[in-house]
Amino acid sequence: MGGGLLAYTLALTGYRSGGVAQSEETLDGILMAQSLVPAGIGLVGALAFLLYPISGEVAREASRRLAERRTAVVEPA
């Protein structure tokens with residue numbers, strides 16, 4: 001996904017391969033692909049973690065339930 005996003009950003013800004021001199025717009029696109037796009041994705045990810053409704057109590061309850069499942073005896077079918 002990251003490679004595709006990079007390729008799409010470079011294509012939008014007119015990147016040309018083969019050792020050709022790049023335009024100012026393309027150089028700005030490369031800078032954006034290396035800094036602003038990853039920073040934006042990181043911020044969205046951080047926001048998702050901050051908004052995820054889990055507390056210490058919820059985490060302890062989940063751990064307790066998992067421990068119960070691990071120790072439960074499964075009867076053969």
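Applying the salt bridge (Lys or Arg N to Asp or Glu O under 4.0 Å) test to Arg70 and every residue at least two apart in sequence or in another chain returns nothing. Residues satisfying the side-chain hydrogen bond (donor to acceptor under 3.5 Å, both in side chains) test with Glu68, not counting sequence neighbours, are Arg64.
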Acceptor/donor pairs from residues 25-51 side chains to any protein atom, 3.5 angstrom cut, sequence neighbours excluded:
from	atom 1	to	atom 2	distance (Å)
Thr26	OG1	Thr13	O	2.7
Thr26	OG1	Gly14	O	3.3
Thr26	OG1	Ser23	OG	3.0
Ser35	OG	Leu31	O	2.7

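No donor-acceptor pair closer than 3.5 Å links the side chain of Gln22 to the backbone N or O of Tyr15.
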